[in-house]
Enquirer: 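One structure coming up, written as structure tokens, with questions to follow.
Start at 1 with the first residue, then count along the sequence. Counting starts at 1 for both ligands and their atoms, following the listed order.
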Amino acid sequence: MKLVSELLTEGIRAAAVQAGLVEPDAVAEPFVPTADPRHGDYQCNWAFRLAKIARKAPREVAAILVERLGDNPMIARVELAGPGFVNVFLSDPWLGENLRARSVAADLGVPQVGAGRTMVIDYSSPNIAKRMHVGHLRSTIIGDAITRMYRVLGWKVIADNHIGDWGTQFGKLIVAWERWRDDAAYAEDPVAELQRLYQAFGEAAQEQPDLIERARAETVKLQEGESKSRALWQEFCRVSLEEFDRVYERLGVSFDVVLGESYYRDRLQRLVDDLLERGIAVHDQGAVIVPFDASDGKGLSKNPLLIRKSDGAALYGTTDLATVLHRVETWAPERVLYETDVRQALHFRQVFAASRKLGVEVEFVHIGHGMLKLDGGVASTRAGTVLNLVDVLDTAVAHARTVVDQASAHLSESERAEIAEAVGVGAVKITDLSQNPSTDIHFDWERMLAIEGDTAPYLLYANARCHSIFRKAGLDIETFVPGLPDLTHDTARAVALLVVRTPEVVIAATEAAKPNVLATHVFALARAFASFYSACRVLDEDLSAEVRLGRLSLVYAVARSLSLCLDLLGLVPLRRM
Ligand code: ARG
């Protein structure tokens, strides 16, 4: 279905064409939702640009547009405001019908703007033999939400987990493994033990520099495919991936491909040679770099990309270049997105600029997330200083359980456990997703799990409430046939506007790669629904059948919109709480 903003924009373009202001193929400035309902539902400021072309005053142009927009069935009232804004109040019958049609359409009739288009997204991407840390948690949550949003818009998405599974750290780890491993500790918590061994190597190497030499020799053996080293490396990968998978399962996240850095290891030498041959890379004090100039991007001329160290080793960026080429060859994507710590922003700008030199024409996007701080600690069942993400999730769920036990005391033990899982994990996700990715976030369990406020329990309760209304009415929401919603009350109209805007918000959030844009919307919808529900009875005996159906139809549309948004944000839209 076409977006409301799109239909209005088509209307104003037709008006401008009729008035002889522009050619029929002109691109109009789009209508956008107004911030203040007193100024209408949607606003357009195209008149300012048109006025320049027509050499007229913006108000004069806006007046022409307002007059011609008047007989559009979508519009109840159109006003000229300020120096030349065109403000539109949608007609209630039209809004009601659009809402009804959306509520029965798949995914609220969100346009398939991505049909036939492909994108690759690189997120999560933790490192073997190390715990996934909170940075990877953010990448996983944000990357997954972006993946879901792209998919609902019809894009073909390749979610690729670019695991850090190759490099000189494995030589060190093998040396440490052979000298200091504690088999019992490894059996208990393999990744913690590997991480301890890696740290132990670092400390020991300060006193015994010959260890570095040994590690280097081990790395060479591994790179040459020596069977014992390879088997160890595979073992480290296996235990690490098992642990990562436990986190992914808990989060409801999955990938299409898991191609770690090791997948590209045999291409690196050739790639560097090729770059040298083509003059894209140059020798520099024994190393090989890709130099940039001002035309490659701001500040890059001082930051060449190092692709081969003086000892001949390839680097993180070399692998990233090989990865770009592989993705382009394999999937021919239009866009390639990366979600990592914001501190990798320069690295990606370098990789993107070097890829351009190689002739890669895809649209690159790097989404950088800020820090995550945990207030109030995490209950750990294991010893050790490294934070386990499963512990973070367990702590969230334990806190959620206290809330759920109070709020949902009427439900059975197993139901409450299931709800607490969705609420706890949902709270971790929504806390992350309700901020612009680049901002730092804090986990404050109490605030995250409050029943009121922009929290997971609030959102999930709003959705569950819609379903409980249907249960109380004795209606099956699956087979319910909505009629025209009753929009007579202001609160109902406000809800309807937010529901019909949902597809617009999904598109905007996806284009900006900001799930927080969608989170803000779904909170607004949940709040608007709460106001409606406290102002208007839905199931009262004395309501006429028509009003009752009209209100139930609105609740139905809210349920559809909430569950779509919750699903896109990776939350489980519970039906009972
Ligand atoms: N493994 C890296 C880290 O933990 C993230 C990798 C991101 N993806 C990439 N293609 N470089 O920081």
Enquirer: Out of all atoms in ligand 1, which are within 4.0 Å of some heavy atom of H162? Include the element for each.
Expert: 8 (N), 9 (C), 10 (N)

Enquirer: Can you check ring pair (Phe, Tyr, Trp, His ring centres under 6.0 Å) on Y458 and F523, steps first, answer last?
Expert: CA-CA 8 Å; Y458 185 73; F523 281 123; 7.3 Å; no

Enquirer: Flag N127 as yes when one of its N or O atoms lies below 3.5 Å from any N or O atom of ligand 1, and as no otherwise.
Expert: yes

Enquirer: Under 4.0 Å from a heavy atom of H136: which atoms of ligand 1 are those, numbered in the order shown and with their elements?
Expert: 3 (C), 4 (O)

Enquirer: The test is side-chain hydrogen bond (donor to acceptor under 3.5 Å, both in side chains); show your working for E452 and Y461 and say whether it passes.
Expert: CA-CA 10 Å; E452 288 296 326; Y461 271 113; over 6 Å; no

Enquirer: Taking salt bridge (charged side-chain N to carboxylate O under 4.0 Å, His left out) as the test, write out the residues that go with D165, two or more places apart.
Expert: none

Enquirer: Should the proximity of Q344 to ligand 1, defined as any heavy atom under 4.0 Å, be assigned to the side chain, the backbone, both, or neither?
Expert: side chain

Enquirer: Just jot down the ligand 1 atoms closer than 4.0 angstrom to any heavy atom of Y338, in number order.
Expert: 10 (N)

Enquirer: Give the atom numbers and elements of ligand 1 that come within less than 4.0 Å of a heavy atom of T340.
Expert: 7 (C)

Enquirer: Can you find an N or O of S125 that's nearer than 3.5 Å to an N or O of ligand 1?
Expert: yes

Enquirer: Centre-to-centre under 6.0 Å for W166 and Y263, is that the case here?
Expert: no

Enquirer: Evaluate the side-chain hydrogen bond (donor to acceptor under 3.5 Å, both in side chains) criterion for residues H521 and T502: first the C-alpha distance (whole Å), next the side-chain angles of each, then the deciding distance (0.1 Å), finally the verdict.
Expert: CA-CA 8 Å; H521 175 77; T502 303; 2.9 Å; yes

Enquirer: Would one find more than 12 heavy atoms of other residues, nucleotides or ligands at under 6.0 Å from atom NZ of K309?
Expert: no

Enquirer: Pull out every atom of ligand 1 sitting under 4.0 Å from any heavy atom of Y316, numbered as shown with elements.
Expert: 2 (C), 5 (C), 6 (C), 7 (C), 9 (C), 11 (N)

Enquirer: Taking the six-membered ring for Trp and the full ring for Phe, Tyr or His, determine whether the centres of F352 and Y338 are under 6.0 Å apart.
Expert: yes

Enquirer: Who pairs with D284 by side-chain hydrogen bond (donor to acceptor under 3.5 Å, both in side chains), at least two apart in sequence or on another chain?
Expert: none

Enquirer: Report the part of D320 in contact with ligand 1, treating N, CA, C, O as backbone and CB onward as side chain, heavy atoms under 4.0 Å; options are side chain, backbone, both, neither.
Expert: side chain

Enquirer: Which part of F348 is near ligand 1, with near meaning a heavy atom under 4.0 Å away: side chain, backbone, both or neither?
Expert: side chain

Enquirer: Considering the heavy atoms of D122, write down every atom of ligand 1 situated less than 4.0 Å from one of them.
Expert: 7 (C), 8 (N), 9 (C), 10 (N)

